[in-house]
J.: 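Below you will find the structure I want to go over with you.
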Amino acid sequence: MGSKGKMTDYERRRLENIQRNNEMLAALKVRSKLNDLSAASAKRTRGEIKSYKPGSVKKPRTETPLVLRRSLRARGVPPDASTANGLDDDVDIEKQINKSRTMDSKSLPNVSPRKQGPIRMQDSFCGEDGLENKLSELAKRCSQKVLMNGNGLISSDSIDIIKGCKSSKIGKKLWGHVEELELKPENIARVVPGRIMNLRFFPTQDMQMVAVGNKSGDIGFWHVNDKDEDGDGIYLYHPHAGPVSGIVIDPFSVSKMYSSCYEGFIRMMDVEKEVFDMIYYSEYCIYSIALSAHDVNSLYFGEGRGGFDKWDVRTGKSSLSCDLHGDRINTIDFNSDTENIMATSSTDGTACIWDLRLMKKHKTTPLKIINHKRAVHSAYFAPSGKFLATTSYDDKVGLTSGANYESTSMVPHYNQTGRWLSTFRGIWGWDDSSIYIGNMKRGVDVISVDERRVVSTLQSDILSAIPCRFDPHPYNVGVLASATSGGQVYIWTQP
DNA sequence: ATTGTCGTTACAGAC
DNA sequence: GTCTGTCCACGACAAT
């Protein structure tokens, strides 16, 4: 820790960023308002679940016979020998996309997401025709208005909680009524078509906005209803050509939302320029992406079969590239308490804890290896950094603790999600007391860290599918978003 | 040692 | 309510 001392500059910068965030949110809020207008004509019956563009949706582009680019790294071919083949792959994919476009051009966005360089947001917008321009114009105007007012700093108490994304207190219980989370009908929406791979709350307190990535390259945004608003507030974009493997948002600057995709792109949504900018392009599949609160100018991501990269966003250059695992890296997470400590989970059956300072191009030794019997789908540090929770296909949730993470205990949990669901990942809530994870019987299991077992299951009559992926709200304790393979998002709240 | 195929599983949409 | 198409996770096993 010890961050209190050097806080002055840091604090100021953060406050500035928070203000900027509020401005952008206000801009997005206008989009939401505008959608209300279109929703009026959509004749949504009362009580029906909110959805992206009911009835008027341009057909999801899932029919595209997209051939995922083959990872040379995944094939064990050294990157050096890859150039020629990689180009061939490119041509093939472009052909595939073009072919399908001529077959049914109306069902596709105006721009092929496989195109390198920025994609204009309006071109990848999947709402009604004519709406996309209005949205942008209004967003800009509103953004300026808020600039003049300059309101909306959040309380210092909240800042404490937010610090470093989720670091907060050292294992202190923030909240003890986990099992009382409830689901309200207005907190349900179908945000994207098809299977959700990833969801993320925008790190803002006043307003709840979720970004959702699905299997077919769509990213949907849902502005969860305020009291004074009754529209759907759902916006669907198509910035990627394959499964969206990760979404991360700079905790200090909401306008920087990065998304990664299996077909090798990392993009950043830039609301000012109204584009999904291309940050990085790879020959390999990108399976995971992460940001460290200690260094928001670096993107960390898992590439191909076990590859790991650190990318400097400002210089646009790789600052580290190495092989950490024998198979795809499913998650990357940082210890919010101890800088430079990172955890990865991999399909090779292990989760590893690393010291970034000891990373080398060849043969980096992990500080700790947690062994599972099957693929490990996630490895996340507790808010305090004292525990690591690993979730594996071997039907175990591992809890690793100790000064040097020397002891691991395995909590049984059924994780056979099969082919149609996104794999389960046990996530931490707002303190070190519990872990949330999907349950095949349409619920959310709560694992008590103290008791090392499932102590309760959140259930609801209006939860009509299995929640696979989760995100706890980074500011609002007790607000938990869950996502299903049918494109729905359910937001649990405290009564 | 690598590549291919198949079985498993849940959900939406069409009837 | 029932049936069908989905189809990029993974492991087991067969085929190269």
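Numbered from 1 within each chain, the chains take letters A, B, ... in sequence-line order.
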J.: Determine the interplanar angle of the W428(A) and F387(A) rings, folded into 0 to 90°, and report it as parallel if under 30°, tilted if 30 to 60°, perpendicular if over 60°.
T.: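 Ring orientation, 0 to 90° scale: tilted.
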J.: Measure CD1/I188(A) against P/dA12(B) and give the value in whole Å, please.
T.: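 Taking atom P of dA12(B) as the reference, CD1 of I188(A) is at 12 Å.
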J.: For nucleotides dG13(B) and dC8(C), find the distance between their C1' atoms and express it as a whole number of Å.
T.: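 Going atom to atom, C1' in each nucleotide, I get 22 Å.
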J.: Determine: side-chain N/O of R442(A) to OP1/OP2 of dC11(B), distance under 4.0 Å, yes or no.
T.: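 Checking dC11(B) against R442(A), a side-chain N or O does come within under 4.0 Å of OP1 or OP2.
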J.: Fit a plane to each ring of F221(A) and F202(A), take the angle between them on a 0 to 90° scale, and name the class: parallel (under 30°), tilted (30 to 60°) or perpendicular (over 60°).
T.: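 Rings of F221(A) and F202(A): tilted, as their planes differ by 30° to 60°.
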J.: Please classify the nucleic acid contact of T347(A) as base, sugar-phosphate, or nothing, using heavy-atom distances under 4.0 Å.
T.: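 Sugar-phosphate contact only - T347(A) comes under 4.0 Å of backbone atoms but never of a base.
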J.: If I take atom CG in residue D327(A) and atom P in nucleotide dC10(C), what distance separates them, rounded to the nearest angstrom?
T.: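 Distance check: D327(A) CG to dC10(C) P gives 8 Å.
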J.: Can you measure R328(A) atom CZ to dA9(C) atom C1' for me and round it to whole angstrom units?
T.: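 In whole Å, dA9(C) C1' and R328(A) CZ are 7 Å from each other.
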J.: Please test S378(A) against S345(A) for side chain to side chain donor-acceptor pair (under 3.5 Å), starting from the C-alpha separation and ending with a verdict.
T.: CA-CA 5 Å; S378(A) 66; S345(A) 65; 5.7 Å; no
J.: Hey, is the side chain of R419(A) poking within less than 4.0 Å of OP1 or OP2 on dC11(B), counting only N and O atoms?
T.: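 Answer is no, no contact under 4.0 Å.
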J.: Under 3.5 Å, is there a donor-acceptor pair between the H413(A) and D395(A) side chains?
T.: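 H413(A) vs D395(A): no donor-acceptor pair found between side chains.
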J.: Using Watson-Crick or G-U wobble geometry with both distances below 3.5 Å, tell me the partner of dC7(C), or none.
T.: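 Looking at the geometry, dC7(C) pairs with no nucleotide.
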J.: Separation of R305(A) atom CZ from dA9(C) atom C1', in whole Å?
T.: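 After rounding, the gap between these two atoms is 14 Å.
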J.: Look at the side-chain N and O atoms of Q488(A) and state whether any lies under 4.0 Å from the OP1 or OP2 oxygen of dA12(B).
T.: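 Yes, because at least one side-chain N or O of Q488(A) sits under 4.0 Å from OP1 or OP2 of dA12(B).
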J.: Would you say the base of dC7(C) stacks on W420(A) (centre-to-centre below 5.5 Å, plane angle below 30°)?
T.: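 Aromatic stack with dC7(C) absent for W420(A).
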J.: Nearest-Å distance, CG (L421(A)) to C1' (dT9(B))?
T.: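 So the CG-C1' distance, L421(A) to dT9(B), works out to 7 Å.
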J.: Can a side chain N or O of K215(A) be found less than 4.0 Å away from OP1 or OP2 on dT6(C)?
T.: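 False: K215(A) side-chain N/O out of range (4.0 Å or more) of dT6(C) OP1/OP2.
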J.: Can you tell me how far P of dC10(C) sits from CG of D394(A), to the nearest Å?
T.: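 That distance rounds to 13 Å.
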J.: Hey, is the side chain of Y262(A) poking within less than 4.0 Å of OP1 or OP2 on dA9(C), counting only N and O atoms?
T.: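 For dA9(C), OP1/OP2 do have a side-chain N/O of Y262(A) under 4.0 Å.
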J.: For a quick test of reading the model: is some side-chain N or O of R195(A) closer than 4.0 Å to OP1 or OP2 of dC7(C)?
T.: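 Indeed not, no polar side-chain atom of R195(A) lies that close.
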J.: Measure the distance from CE on M197(A) to P on dC7(C) and round it to the nearest whole Å.
T.: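 It is 13 Å, rounded to the nearest whole Å.
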J.: Could you go through T417(A) and T423(A), starting from their C-alpha distance and side-chain angles, then the distance that decides it, and tell me whether this counts as side chain to side chain donor-acceptor pair (under 3.5 Å)?
T.: CA-CA 6 Å; T417(A) 44; T423(A) 52; 5.7 Å; no
J.: Looking at T417(A), does any N or O in its side chain come under 4.0 Å of the phosphate oxygens OP1/OP2 on dA10(B)?
T.: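 Answer no for this pair, as no side-chain N or O of T417(A) is under 4.0 Å from OP1 or OP2.
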J.: Starting the side chain at C-beta, find the nucleotide from dA9(C), dG11(C), dA12(B) nearest to A375(A).
T.: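 When the side chain of A375(A) is considered, dG11(C) is the closest of dA9(C), dG11(C), dA12(B).
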J.: In whole angstrom, what separates Y414(A)'s OH from dA10(B)'s P?
T.: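 The distance from OH of Y414(A) to P of dA10(B) comes to 7 Å, rounded to the nearest Å.
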